[in-house]
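All values below come from the heavy atoms of this structure, side chains included, with hydrogens, waters and symmetry mates left out.
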Amino acid sequence: KYISQSLVDLGELNIVEAEQAVANLSNHCTKMFAGYTEVFEHPERDMSKQVVHLKAMEDEADLMMHDITEYLVRCTSKEVSPHLSERITGLLRMTAELEECSDAIYRLIKIAERRYNKGRQFSEEQLSTIRELTALISDFLSFCENRILGQISPAETQQAEDIREQIKSLTKSSNKA
C-alpha cells in the first residue's frame with residue numbers, strides 16, 4: 001500500500017522506491033509531531049477531533065513501517081552488492097527508528113489528551129520534562145529527514161543512538177511521574 005512498485009530485478013530501483021517510502025514515513029511523523037505540538041500547547045481548546053486523527057496517524061505509521069520493512073526484506077532476497085546491502089540495512093534501521101518515534105509521539109498525545117480531559121495542570125518540572133522530550137523528538141526527526149538519502153557515518157549513528165537513549169530515558173521517567 002505504501003510502496004507503489006512491485007519488486008523488480010533492478011536493485012537500485014528498489015532502493016529508490018524504498019528511500020521514497022522512508023522519506024514519506026519521516027514526513028508523516030513530522031506532521032504527527034506538529035499536530036501533537038499544537039494540541040499540547042492549547043490545553044484550553046477541545047481538540048478531540050485532532051487527537052483522534054493523530055492517533056490514526058500512529059496506526060498508519062505502524063502500517064507504513066510494516067510495508068517498508070517487508071519490501072526491504074524482499075529486496076535482500078535478491079542478489080545485491082555490498083553497498084546495496086549496507087543501504088538496505090540503514091533504511092531498515094531508520095524505518096524502525098521512525099516508527100519508535102511515532103510511538104513516543106503517540107505517548108505524548110495521550111498525555112496531552114489526559115491533560116485536557118481531566119483538566120490537569122502540570123508542575124513546572126513536569127512541563128520541563130515534556131518540553132525536553134519534545135525537543136529531543138524534534139531533533140531526532142530533523143536528524144532522520146536530513147539523512148534519509150545519504151550514508152550515515154559511525155559518528156552520526158552514535159549521535160542518533162544518543163538521542164534515542166535520551167528519549168527512552170525521559171519517557172521512562174515521565175511515565176513514573
Side-chain angles (χ1 to χ4, degrees), residues 1-7 14-41 47-77 85-117 129-130 132-149 152 156-157 159-176:
K1 179 178 172 180
Y2 296 100
I3 295 194
S4 61
Q5 78 175 23
S6 59
L7 208 55
N14 294 339
I15 295 304
V16 169
E17 180 76 11
E19 286 172 341
Q20 185 58 53
V22 174
N24 290 343
L25 176 57
S26 178
N27 186 44
H28 183 82
C29 289
T30 300
K31 286 179 182 175
M32 187 177 166
F33 182 74
Y36 152 74
T37 302
E38 184 179 347
V39 168
F40 189 79
E41 294 300 326
M47 300 184 94
S48 305
K49 288 181 183 176
Q50 187 164 2
V51 167
V52 168
H53 176 70
L54 292 170
K55 288 178 179 179
M57 287 181 78
E58 201 283 325
D59 291 338
E60 189 172 354
D62 289 344
L63 294 173
M64 293 170 88
M65 190 260 327
H66 180 274
D67 283 1
I68 294 166
T69 301
E70 183 179 295
Y71 184 82
L72 287 169
V73 168
R74 284 191 332 212
C75 286
T76 62
S77 70
S85 180
E86 283 180 27
R87 189 66 189 126
I88 289 169
T89 300
L91 289 169
L92 282 166
R93 182 174 181 145
M94 188 164 295
T95 299
E97 298 288 353
L98 285 167
E99 199 283 325
E100 207 171 293
C101 221
S102 76
D103 290 344
I105 296 166
Y106 177 80
R107 287 189 291 276
L108 287 170
I109 291 165
K110 295 291 288 177
I111 289 170
E113 182 181 39
R114 284 192 301 266
R115 181 183 189 192
Y116 175 79
N117 288 339
T129 300
I130 292 168
E132 187 178 352
L133 181 57
T134 300
L136 284 168
I137 292 170
S138 177
D139 289 348
F140 192 78
L141 287 171
S142 294
F143 178 89
C144 288
E145 268 187 37
N146 293 331
R147 287 164 182 82
I148 287 174
L149 300 179
I152 299 176
E156 290 173 319
T157 300
Q159 180 186 358
E161 186 64 29
D162 291 346
I163 294 171
R164 193 170 70 78
E165 286 304 315
Q166 288 176 314
I167 290 170
K168 276 182 159 181
S169 175
L170 273 176
T171 300
K172 282 182 183 177
S173 70
S174 66
N175 284 343
K176 292 177 185 174

Checklist entry - Quick one: side-chain contact (heavy atoms from CB on, under 4.5 Å) partners of V73, sequence neighbours excluded? => result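 Residues passing side-chain contact (heavy atoms from CB on, under 4.5 Å) with V73: T69, T76.
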Checklist entry - Which is it for L108 and T134 under the side-chain contact (heavy atoms from CB on, under 4.5 Å) test, yes or no, and what are the steps along the way? => result CA-CA 8 Å; L108 287 170; T134 300; 4.1 Å; yes
Item to check | CA sep, side-chain torsions, deciding dist, call: I111, L133, side-chain contact (heavy atoms from CB on, under 4.5 Å) | outcome: CA-CA 12 Å; I111 289 170; L133 181 57; over 6 Å; no
Checklist entry - Taking C-beta and beyond as the side chain, do L141 and I105 meet within less than 4.5 Å on heavy atoms? => result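 Heavy-atom side-chain distance check passes, below 4.5 Å.
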Checklist entry - Got a sec, which residues hit side-chain contact (heavy atoms from CB on, under 4.5 Å) with K31, two or more places apart in sequence or on another chain? => result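 With neighbours one apart ignored, the set is N27, M57.
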Item to check | Heavy-atom pair of closest approach, residues L98 and C29 | outcome: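 What the structure gives for the nearest pair is O-SG, 3.5 Å.
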Next on the checklist: Nearest 0.5 angstrom please: L136 CG to F143 CZ, how far?
Outcome noted: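 Between atom CG of L136 and atom CZ of F143 there are 13.5 Å.
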Checklist entry - Got a sec, which residues hit side-chain hydrogen bond (donor to acceptor under 3.5 Å, both in side chains) with E97, two or more places apart in sequence or on another chain? => result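 Testing E97 for side-chain hydrogen bond (donor to acceptor under 3.5 Å, both in side chains), a comparison that skips the adjacent residues, returns R164.
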Checklist entry - At what distance, to the nearest 0.5 angstrom, does CE of M64 lie from CG of N24? => result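 Result: 5.5 Å between the selected atoms.
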Next on the checklist: If I take atom CD from residue E70 and atom OG1 from residue T95, how far apart are they, to the nearest 0.5 angstrom?
Outcome noted: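 Rounded to the nearest 0.5 Å, the CD-OG1 separation comes to 13.0 Å.
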Next on the checklist: Tell me the closest heavy-atom pair linking V39 and M47, and the distance in Å.
Outcome noted: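 Nearest pair, atom of V39 first, then M47: CA-SD, 3.6 Å.
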Checklist entry - With sequence neighbours left out, what residues match Y36 under ring-ring contact (aromatic ring centres under 6.0 Å, His included)? => result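 By the ring-ring contact (aromatic ring centres under 6.0 Å, His included) rule, Y36 matches F40.
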Item to check | Lys/Arg N to Asp/Glu carboxylate O, K110 vs E113, below 4.0 Å | outcome: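 Result for this pair is yes, salt bridge flagged.
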Item to check | Sidechain-backbone polar pair: S142 side chain, S138 backbone, donor-acceptor under 3.5 Å | outcome: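 Answer holds: yes.
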Checklist entry - Does R93 have any side-chain hydrogen bond (donor to acceptor under 3.5 Å, both in side chains) partners at least two apart in sequence or in another chain, and if so, which? => result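 Residues passing side-chain hydrogen bond (donor to acceptor under 3.5 Å, both in side chains) with R93: E161.
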Checklist entry - Any donor and acceptor pair, going by atom type alone, linking the side chain of T37 with main-chain N or O of F33 inside 3.5 Å? => result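 Judged by distance alone, yes, a pair lies under 3.5 Å.
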Checklist entry - Below 4.5 Å, heavy atoms only, C-beta onward: do E58 and E99 meet side chain to side chain? => result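 The answer is yes, as the side chains (C-beta and beyond) meet within the 4.5 Å cut-off.
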Item to check | Interatomic distance, M65 atom CE to M94 atom CE [nearest 0.5 angstrom] | outcome: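 Atom-to-atom, M65:CE and M94:CE are 15.5 Å apart.
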Checklist entry - Hey, mind stepping through V16 and Q20 against side-chain contact (heavy atoms from CB on, under 4.5 Å) and telling me if it holds? => result CA-CA 6 Å; V16 169; Q20 185 58 53; 5.8 Å; no
Next on the checklist: With heavy-atom distances below 4.5 Å as the criterion, would you say the side chains of T89 and L72 are in contact?
Outcome noted: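 Heavy-atom side-chain distance check fails, nothing below 4.5 Å.
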Item to check | Straight-line distance of R107 CZ to S102 OG, nearest 0.5 Å | outcome: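 Spacing of CZ (R107) from OG (S102) equals 9.0 Å.
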Checklist entry - Does the side chain of D162 come under 3.5 Å of the side chain of Q166 through a donor N or O and an acceptor N or O? => result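 There is no such pair (donor and acceptor under 3.5 Å, judged by atom type) between the side chains of D162 and Q166.
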Checklist entry - Closest approach of R87 and I15, non-hydrogen atoms and distance? => result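 Minimum heavy-atom contact is CG-CG2, 3.8 Å.
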Item to check | Under the side-chain hydrogen bond (donor to acceptor under 3.5 Å, both in side chains) test, residues paired with D103 that sit two or more places apart | outcome: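 Listed in chain order: nothing, the list is empty.
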Checklist entry - What's the spacing between R74 CZ and I88 CD1 if we round to 0.5 Å? => result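 Taking CZ in R74 and CD1 in I88, the distance rounds to 12.0 Å.
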